[in-house]
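Everything quoted here is computed from the prediction, not taken from an experiment. Every chain is numbered from 1 and lettered A, B, ... according to where its sequence line falls, protein lines coming before strand lines.
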2 protein chains.
Amino acid sequence: MANQETRQDESLSTLMERGNVFAAQCPSREVLKHVTSRWGVLVLVALLGGTHRFSDLRRKIGGVSERMLAQTLQWLEQDGFVLRISYPVVPPHVEYSLTPLGQEVGLRVEALADWIQEKLPNILAAQQADA
Amino acid sequence: MANQETRQDESLSTLMERGNVFAAQCPSREVLKHVTSRWGVLVLVALLGGTHRFSDLRRKIGGVSERMLAQTLQWLEQDGFVLRISYPVVPPHVEYSLTPLGQEVGLRVEALADWIQEKLPNILAAQQADA
DNA sequence: TAACTTTTAGTAAGTACTTACAGAAAGGTA
DNA sequence: TACCTTTCTGTAAGTACTTACTAAAAGTTA
């Protein structure tokens, strides 16, 4: 089903129990792509702060278009990280939150984002150094 | 220098001390993009395992083209995460390794990648659930 | 001499990501 | 009736990411 050419050190069986991001055909690559996507990271971190409505997220995440936010939320929902609850009213009312699985990734993504935010001065300094 | 329109809750001074990934103009966004890029993640994790030559990385990271690997390494080098040592011989011999700063991000990125690899079965199950 | 080695630049071409914009739904308000 | 609300979808158009392919350097091997 996945993994024919690239067979570095993972057999079909290992693939079923544990992904291998270094293998081109491994499905974990797709998940990684969603989680680390431009807006995916920010959505996960934002939702760690609690349930948000669509427009709340859009306001909080500077620069997202409605189109991209919607698409990103769908990716994360399909991967089982985001829970979407839609109330059948007009105008629409939809609430997004993290599933238990989503909170786990969220924490890891947040750790990364936080580190970058904190170390930004060091990074900018390093950039200057060899510029 | 950065941050004119988007001014959510960070002043120019705060920006100098700590990034804010939620602000569209914050330079941390660029760094985040490099680190979480398709190949950036894999390069960082691979280099946590020690110094690698260009072709070692290419072999290890399934699916990268030479072009993209080179570009990704340049991004990470400019951000101060990767150290590039070139020996003036023919054919070329170049070694890549992580700087102290690079090891710190690397660990965070690895934590994320590892989690995804471990939880892949759960994620695939979740995908099936609402498919 | 022809071919091979390793790393990277450059080009053209293709694919994927992003944006901007218009539009829909059903009811309340001016 | 005209307009506003919120959450999306579809479209066209633009930008960025990726790939495939060509080429270079200078010495070693067939």
Student: Roughly, in whole Å, what's the span from NE2 in A:His93 to P in C:dA26?
Tutor: 19 Å

Student: Name the nucleic acid region contacted by A:Tyr87, choosing base, sugar-phosphate or nothing; use a 4.0 angstrom heavy-atom cut-off, strictly under.
Tutor: nothing

Student: So does B:Arg67 reach the base of C:dT11 with its side chain, donor to acceptor, closer than 3.5 Å?
Tutor: yes

Student: Taking the minimum atom-to-atom distance to the side chain of B:Pro92, which one of D:dA25, D:dT18, D:dT7 wins?
Tutor: D:dA25

Student: In whole Å, what is the span from the CZ atom of B:Phe54 to the C1' atom of C:dT5?
Tutor: 15 Å

Student: Using the closest heavy atom to pick a nucleotide of DNA chain D for each, name whichever of A:Pro91 or A:Gln74 lands nearer the 5' end.
Tutor: A:Pro91

Student: Does C:dT7 have its OP1 or OP2 closer than 4.0 Å to a side-chain nitrogen or oxygen of B:Ser86?
Tutor: no

Student: Separation of A:Met68 atom CE from D:dT11 atom C1', in whole Å?
Tutor: 13 Å

Student: Output the rounded distance in Å from CD (A:Glu66) to C1' (D:dT9).
Tutor: 11 Å

Student: So if I take every side-chain heavy atom of B:Ala70 and compare against C:dA9, D:dT6, D:dA26, which nucleotide ends up nearest?
Tutor: C:dA9

Student: What's the closest nucleotide to the B:Lys33 side chain, out of C:dT18, C:dT7, D:dC17?
Tutor: D:dC17

Student: Using whole Å, what does the distance between atom P of nucleotide C:dC17 and atom CZ of A:Arg38 come to?
Tutor: 13 Å

Student: Expressed in angstrom and rounded to an integer, what is the separation of A:Arg58 atom CZ from C:dT18 atom P?
Tutor: 15 Å

Student: Do A:Leu124 and A:Leu120 make a side-chain contact, defined as non-hydrogen atoms from C-beta onward lying under 4.5 Å apart?
Tutor: yes

Student: Tell me whether the rings of A:His93 and A:Tyr87 are parallel (<30°), tilted (30 to 60°) or perpendicular (>60°).
Tutor: perpendicular

Student: Which heavy atom of B:Asp79 sits nearest a heavy atom of A:Ala126, and at what distance?
Tutor: O-CB, 4.0 Å

Student: Among C:dT18, D:dT19, C:dA26, which is the nearest nucleotide to the side chain of A:Val90?
Tutor: C:dA26

Student: Sequence neighbours left out, what pairs pass side-chain hydrogen bond (donor to acceptor under 3.5 Å, both in side chains) with at least one residue falling in residues 112-124 of chain B?
Tutor: A:Glu104-B:Trp115, B:Asp114-B:Gln117

Student: To the nearest Å, how far apart are A:Glu30 CD and C:dA16 P?
Tutor: 10 Å

Student: Over how many whole Å does the gap from A:Glu95 atom CD to D:dC8 atom P extend?
Tutor: 12 Å

Student: Would B:Val35 end up clustered with B:Trp75 when hydrophobic side chains under 4.5 Å apart are linked, directly or stepwise?
Tutor: no

Student: Give one of base, sugar-phosphate or nothing for A:Gln71, where a contact means two heavy atoms less than 4.0 Å apart.
Tutor: nothing

Student: Which nucleotide wins on minimum distance to the side chain of A:Ser55, given the candidates C:dT7, D:dT19, D:dT6?
Tutor: D:dT6

